[in-house]
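For reference, the structure is listed below as structure tokens.
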Amino acid sequence: MRAIQMTEHGGPDVLRLTDAPDPQPGPGEVAVELAAAGVNFRDVYERQGVYPKELPAVPGAEGAGRVTAVGDGVTDVRVGDVVASAEFRGAYAERAVAPADRVVPVPDGVAPDLAAAVLLQGLTAHYLTHSTYEIKPGDTALVHAAAGGMGLLLTQMIKLRGGRVIGTVSTDEKEKLARDAGADEVLRYDGFADEVRRRTGGVPVVYDGVGKTTFDGSLASLRRRGLLALYGAASGPVPPLDPQRLNSGGSLFLTRPTLGDYVATREELLWRADDLFGWIASGELSVHVGGRYPLADTGRAHEDLEARRTTGKLLLIP
Ligand SMILES: NC(=O)c1ccc[n+]([C@@H]2O[C@H](COP(=O)([O-])OP(=O)(O)OC[C@H]3O[C@@H](n4cnc5c(N)ncnc54)[C@H](OP(=O)(O)O)[C@@H]3O)[C@@H](O)[C@H]2O)c1
């Protein structure tokens, strides 16, 4: 099969298209013919060597498609089922393998490429708005990079729960997308904390996937006892922090959550995935695919994501 192989860490040029053997499902695993694979920042960090990854490797974790084979002991997934997972081993390929208990069924009303586009970021936006901080009607949330893959989904889910959204973006085009997704107010990054405080007096929650460049302003945007969910670092990691800042900021809460801890059980994974697919099938959640790239152009997809040129979700189409 055709697959992207990475033999060294580095820039986007280490992502090379090669012929690789078809992956075979071991006990408890399923093999899937992928309709699409999702491009995520975690893949960029693995490519750079920031997250550990043994080499050589086929990168990518997210995808969806039809099951072509099941390993020993798999009883509730069958050949021919359409499934999605954020835990494939090597999704930048025509076929990939995942543990059977970490794939979710994709219902008929959801196209497989959309399932691949929504799963990882959708599960993340779900836990952030339903579990890390449960959005209540009338809550105003600050969402950074509101036109990004995460930002558009967070915005829609906060609105579904009756909340208000103040989004930050870098361009007019991104502002329009954020507003179309339901953002009530959209700001540029310059002086955003003063503006958020002026308009609201401080918000109960900030969803920050940008990190280094927004962190101080995010803390300053919170009201007394507000919560900063620092879920990513698109602009770089946040330097070490003196806990005293949370005290002087107004008894603030800071969390650095990660998806694995919010889909740790199969029950929780299915709850969140069923909500996502249900909202897509009913038209309550729309998934904006900002770019589709052939496998051979995987390096370009990474470049575009890192250079802030993209909106919504990026897909690889094998
Ligand atoms: N913790 C978790 O469970 C989890 C799960 C999924 C994703 N994440 C994290 O969520 C973050 C967003 O992921 P995503 O895939 O949805 O990306 P994305 O938001 O589509 O892309 C990143 C966006 O961040 C903004 N940005 C601001 N400064 C930037 C800089 N210096 N370099 C690059 N981008 C910058 C840009 O939007 P503007 O141009 O509008 O500023 C850019 O488009 C990532 O850090 C990712 O690792 C975390």
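Heavy atoms only: backbone and side chains are in, while hydrogens, waters and symmetry mates are out. Counting starts at 1 for both ligands and their atoms, in listed order.
- At the shortest separation from atom 14 (P) of ligand 1 among protein heavy atoms lies Q121 NE2, 3.6 Å.
- Using a 4.0 Å cut-off between a side-chain N of Lys or Arg and a carboxylate O of Asp or Glu, D43 and R47 do not qualify as a salt bridge.
- Taking distance alone, with nitrogen or oxygen atoms compared against 3.5 Å, G148 stays at or beyond that limit from ligand 1.
- Salt-bridge check for D22 with R95: passed, with a basic side-chain N closer than 4.0 Å to an acidic carboxylate O.
- The distance from ligand 1 to the heavy atoms of V210 drops below 4.0 Å at these ligand atoms: 27 (C), 28 (N).
- In terms of N/O distances under 3.5 Å, ligand 1 is not approached by L305.
- Salt-bridge annotation for R292 and D113: present, with a side-chain N of the basic residue lying under 4.0 Å from a carboxylate O of the acidic one.
- Heavy atoms of A233 approach ligand 1 to within less than 4.0 angstrom.
- Taking a 4.0 Å cut-off on heavy atoms, A147 fails to register as neighbouring ligand 1.
- Ligand 1 has no atom lying under 4.0 Å from any heavy atom of Y262.
- Salt-bridge check for E62 with K313: passed, with a basic side-chain N closer than 4.0 Å to an acidic carboxylate O.
- Proximity to T258 (heavy-atom distance under 4.0 Å) selects the following atoms of ligand 1: 1 (N), 3 (O).
- When heavy-atom distances to ligand 1 are checked against a 4.0 Å cut-off, A307 has no atom that comes that close, whether in backbone or side chain.
- Inclusion of R42 in the set of residues having an N or O under 3.5 Å from an N or O of ligand 1 is not warranted.
- The single protein non-hydrogen atom nearest to atom 32 (N) of ligand 1 is A234 O, 3.2 Å, given as residue, atom name and distance.
- Residue contacts with ligand 1 do not include H144, since none of its heavy atoms lies under 4.0 Å from the ligand.
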Exercise. Does the pair V39 and Y92 meet the rule for a side chain to side chain contact (heavy atoms under 4.5 Å, CB included), with working shown?
Worked result: CA-CA 9 Å; V39 178; Y92 287 9; 3.8 Å; yes
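- In the model, D304 has no side-chain atom that pairs as donor or acceptor with a side-chain atom of T310 under 3.5 Å.
- Using a 4.0 Å cut-off between charged side-chain N and carboxylate O, E195 and R198 make a salt bridge.
- Only the side chain of T124 comes within contact range of ligand 1, with a heavy atom under 4.0 Å; no backbone atom does.
- For the pair A145 and ligand 1, the shortest N or O to N or O distance does not fall below 3.5 Å.
- Looking only at heavy atoms of the protein, atom 11 (C) of ligand 1 is closest to G209 O, 3.6 Å.
- Remark: minimum distance from atom 47 (O) of ligand 1 to any protein heavy atom is reached at F41 CB, 3.3 Å.
- Close approach to Y127 involves these atoms of ligand 1, each under 4.0 Å from a residue heavy atom: 1 (N), 2 (C), 3 (O).
- Remark: ligand 1 and T213 share no N or O pair separated by less than 3.5 Å (distance only, no angle test).
- Each of the atoms 40 (O) of ligand 1 lies under 4.0 Å from some heavy atom of V169.
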For this session: Could you walk me through whether D184 and K159 pass salt bridge (charged side-chain N to carboxylate O under 4.0 Å, His left out), step by step?
Result: CA-CA 9 Å; D184 299 277; K159 298 303 292 181; 2.9 Å; yes
Exercise. Are R66 and E33 close enough, and set up right, to give a salt bridge (charged side-chain N to carboxylate O under 4.0 Å, His left out), and what steps lead you there?
Worked result: CA-CA 5 Å; R66 202 168 285 281; E33 175 104 50; over 6 Å; no
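- At least one N or O atom of G149 sits closer than 3.5 Å to an N or O atom of ligand 1.
- Of the protein's heavy atoms, Y231 O, 3.7 Å lies nearest to atom 8 (N) of ligand 1.
- Comment: D216 engages R245 in a salt bridge, judged by a side-chain N to carboxylate O separation of less than 4.0 angstrom.
- The N/O atoms of S235, backbone and side chain alike, include none that comes under 3.5 Å of an N/O atom in ligand 1.
- Looking at N40 next to ligand 1, no N or O pair under 3.5 Å apart turns up.
- A salt bridge links R188 with E175; the closest basic N to acidic carboxylate O contact falls under 4.0 Å.
- Taking the charged nitrogens against the carboxylate oxygens, D275 and R272 have no contact shorter than 4.0 Å, which rules out a salt bridge.
- Taking the six-membered ring for Trp and the full ring otherwise, H126 and Y262 have centroids separated by 6.0 Å or more.
- When hydrogens are left out, the protein atom nearest atom 26 (N) of ligand 1 is R308 NE, 3.7 Å; that is the closest non-hydrogen contact.
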